[in-house]
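First up is the structure itself, then whatever we jot down about it.
Everything numeric here is computed off the predicted structure, so don't read it as measured data.
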Amino acid sequence: MKYPGKILLTLLLILLLALVACYVLLQTRWGAAWASRQLSDAQYQLSIGKIEHNFSAPGLLRLDDVTLTAPGQPPLLTSRRVDLGLRLAQLTNPQHFASIRLNEGTLNLTDNAMPGRLQADRLLLSRMTVNGSAGDLTVQGQKVDGGVTPWLPEKGALLGQQARFQLSAGSLALGDLTASNALLEGSIKGREWLFSNVGADVALGSITANARRDASGGWQVQSLRLNSIRLQSDKTLADFLQPLLSLPDISFNRVDVTDARLEGLDWAVTDLDLLLKNITFSHGDWQSDNGTLALNASSFVNGSLQLNDPIASLEFSPAGVALTQFSSRWVNGMIRTGGSWSRRDKKLTLDELVVAGLEYTLPANWRERWLQTLPGWLDSVQVSRFTANRNLIIDINPDFPFQMTALDASGSNLLLAQNHRWGIWSGSLSANAAESTFNRVDLRHPSLALNADGNSINVTELSAFSGSGMLEGVANVSQAPQRALSLSLTGRQVNAAVLANWGWPGQSLPAGSNLKLSLSGNLQADKPLKPTVNATLELNGGAQKQKLVNGQLQ
């Protein structure tokens with residue numbers, strides 16, 4: 001037995017020396033290159049610059065200068081150092097580590113890029129750059145630290161089916177939005193994601209939130225707070241808000257915005273405070289059972305519209321929206337209203353509309369805007385009570401400028417839009433001004449009264465002082481598409497030449513005349529008025545007569 005024992009001992013020594021030699025060789029660059037070739041396959045190419053192990057820390061294996069690449073793709077991983085935490089179970093499951101720490105490199109996340117069955121009780125990141133995508137949204141994080149526990153990835157679920165995560169980033173880019181000092185904490189359970197704590201510095205302000213994504217991809221945001229945001233965009237207001245309507249189902253329990261300043265293409269809002277509760281956006285629409293919105297700002301600008309100190313309060317329900325309060329300073333005056341919008345018939349009803357002290361110059365294209373079709377969500381607009389006090393209204397259109405000074409008005413049950421079209425479809429309105437000018441004709445104390453129904457707009461009073469005389473008239477406009485117009489106008493001691501400034505083609509009209517005008521025509525939106533006008537003008541009791549036929553003086 002002496003010789004077999006010596007042979008066995010010799011073999012054990014040789015095996016031990018071989019293991020020591022392999023252990024030493026693996027920690028050389030040649031050994032690292034050999035290991036890289038052995039661990040690579042047709043799907044992934046692994047490159048290791050150096051392998052290090054120290055018996056003072058037997059449970060730690062260090063890999064330097066690691067690159068993992070799929071053929072024809074950018075590297076899935078580059079890392080200056082990868083620390084692998086070893087455990088006894090490694091002998092039976094060599095691809096499951098106690099921990100994997102990636103240090104100072106780049107990780108490109110895709111659900112389908114999964115290197116074999118690599119797993120770990122903990123996946124740790126230290127000063128990593130992380131790139132990924134969620135649908136059309138690109139994500140890039142710089143100086144990312146944190147970890148996932150446990151890390152049991154599957155195809156289509158890179159972080160596994162059940163895990164807790166905590167990640168921080170020095171900078172984070174989500175599409176066009178950039179943030180710094182970002183923090184994400186939460187957990188994963190199947191297809192459900194819980195973000196228990198989200199925070200970041202964004203646009204010179206800060207954002208905090210907690211939210212949950214359910215298995216179907218919908219989001220439930222428990223709270224979202226944005227503080228002192230200073231955001232600039234190159235988008236119009238409609239384009240800026242569009243992503244909110246194109247998101248998957250998302251419910252907000254509470255959204256707080258304080259001291260925000262936002263600016264985009266031809267719009268801006270300053271010092272915005274907003275509180276939104278209990279609303280869901282889905283498929284380009286919204287739903288709410290008892291939601292509310294309260295907001296105020298120093299100013300809001302959208303194109304030519306500028307509101308100062310706007311205040312609004314809304315209540316949402318399945319039936320629609322209740323506008324409990326809206327007020328604002330506007331063009332040196334004030335506007336105040338309240339009412340409701342009905343989801344069923346897309347009708348906006350304003351219980352009261354008050355405008356006072358305005359100094360408003362109409363936009364050059366106000367006529368085109370009046371003829372535009374309203375959006376799909378707004379079929380009709382009704383004002384139950386309308387009041388206007390001491391307003392100045394100016395139109396600088398060179399074809400027919402006008403101005404009304406100290407304009408007062410009152411109306412009731414005014415249907416101002418119907419079937420997505422502006423108009424005066426029903427109700428009554430009376431208006432008067434201290435002074436006015438219509439295409440270089442000065443009038444004092446102009447006054448108008450009308451009532452409208454589904455058939456016509458009936459002007460029962462039309463009067464003004466001109467020079468030392470007075471003009472009075474009545475008119476009727478059909479509600480049919482051709483907008484048939486009839487007008488009767490009389491003047492006493494009035495310079496008949498004023499009619500020339502209003503379109504009458506006659507040039508030899510005497511001053512100090514008594515006149516009587518009867519006119520008919522069509523105010524059809526897409527056709528000129530003049531060719532449809534037929535009119536008779538009598539001056540001084542019929543001493544002089546003029547006649548228009550199809551807009552031409554006979």
>> If we count only N and O atoms by modelled type, under 3.5 Å, do the side chains of Q140 and N131 hold a donor and an acceptor together?
In response: yes
Which pairs of donor and acceptor atoms, one on a side chain in residues 395-411, lie under 3.5 Å apart (sequence neighbours left out)?
{"residue": "D395", "atom": "OD1", "partner": "N397", "partner atom": "N", "Å": "3.1"}
{"residue": "D395", "atom": "OD2", "partner": "W366", "partner atom": "NE1", "Å": "2.9"}
{"residue": "D395", "atom": "OD2", "partner": "R367", "partner atom": "NH1", "Å": "3.4"}
{"residue": "D395", "atom": "OD2", "partner": "R367", "partner atom": "NH2", "Å": "3.2"}
{"residue": "N397", "atom": "OD1", "partner": "D399", "partner atom": "N", "Å": "2.9"}
{"residue": "Q403", "atom": "NE2", "partner": "T405", "partner atom": "OG1", "Å": "3.3"}
{"residue": "D408", "atom": "OD1", "partner": "R390", "partner atom": "N", "Å": "2.7"}
{"residue": "S410", "atom": "OG", "partner": "S430", "partner atom": "OG", "Å": "3.1"}

> Any luck finding a side-chain donor-acceptor pair between S216 and D214 under 3.5 Å?
Replying inline: yes
> Minimum heavy-atom separation for L314 to A312, with atom names?
Replying inline: CD1-CB, 4.2 Å
> Between D201 and L204, is there a donor-acceptor pair closer than 3.5 Å when you use the side chain of the first and the backbone of the second?
Replying inline: no
>> Between N391 and L358 (side chain of the first, backbone of the second, donor and acceptor by atom type, cut-off under 3.5 Å), is there such a pair?
In response: yes
> Should the pair W422 and W370 be assigned to parallel (<30°), tilted (30 to 60°) or perpendicular (>60°) ring geometry?
Replying inline: parallel
> What pairs with R421 under salt bridge (Lys or Arg N to Asp or Glu O under 4.0 Å), at least two apart in sequence or on another chain?
Replying inline: none
> Should the pair D256-K277 be classified as a salt bridge under the 4.0 Å nitrogen-to-oxygen rule?
Replying inline: no
> Looking at N476, N522, L523, I457, which one forms a side-chain contact (heavy atoms from CB on, under 4.5 Å) with L485?
Replying inline: L523
> Mind checking what makes salt bridge (Lys or Arg N to Asp or Glu O under 4.0 Å) contact with R440, not counting sequence neighbours?
Replying inline: none
>> For a quick test of reading the model, state the closest non-hydrogen atom pair linking L414 to G427 and the distance between them.
In response: CD2-C, 4.1 Å
>> I'd like to check the side chain to side chain donor-acceptor pair (under 3.5 Å) partners of N253; sequence neighbours left out, ordered by chain and number.
In response: Q220, Q222
>> Is it the case that the side chains of D273 and T258 hold a donor-acceptor pair, with the cut-off being a distance below 3.5 Å and no angle test?
In response: no
> Just checking, is any N or O donor in the side chain of E461 or S447 under 3.5 Å from an acceptor N or O on the other one?
Replying inline: yes
> Under 6.0 Å between the ring centres of F252 and W286?
Replying inline: no
> Of the non-hydrogen atoms in V202 and A179, which two are nearest, and what is the gap between them?
Replying inline: CG2-CB, 3.6 Å
> How far apart are the closest heavy atoms of W267 and K235, and which atoms are they?
Replying inline: NE1-O, 2.9 Å
>> Using the salt bridge (Lys or Arg N to Asp or Glu O under 4.0 Å) criterion, which residues pair with R385? Sequence neighbours excluded.
In response: none
>> Test of understanding: with salt bridge (Lys or Arg N to Asp or Glu O under 4.0 Å), list the residues that count as partners of D379, not counting sequence neighbours.
In response: none
> Are a donor atom and an acceptor atom from the side chains of S196 and N210 found within less than 3.5 Å of each other?
Replying inline: no
> Looking at side-chain heavy atoms only, is the closest gap between L276 and R254 below 4.5 Å?
Replying inline: no
> Do the non-hydrogen side-chain atoms of V533 and L519 ever get within less than 4.5 Å of each other?
Replying inline: yes
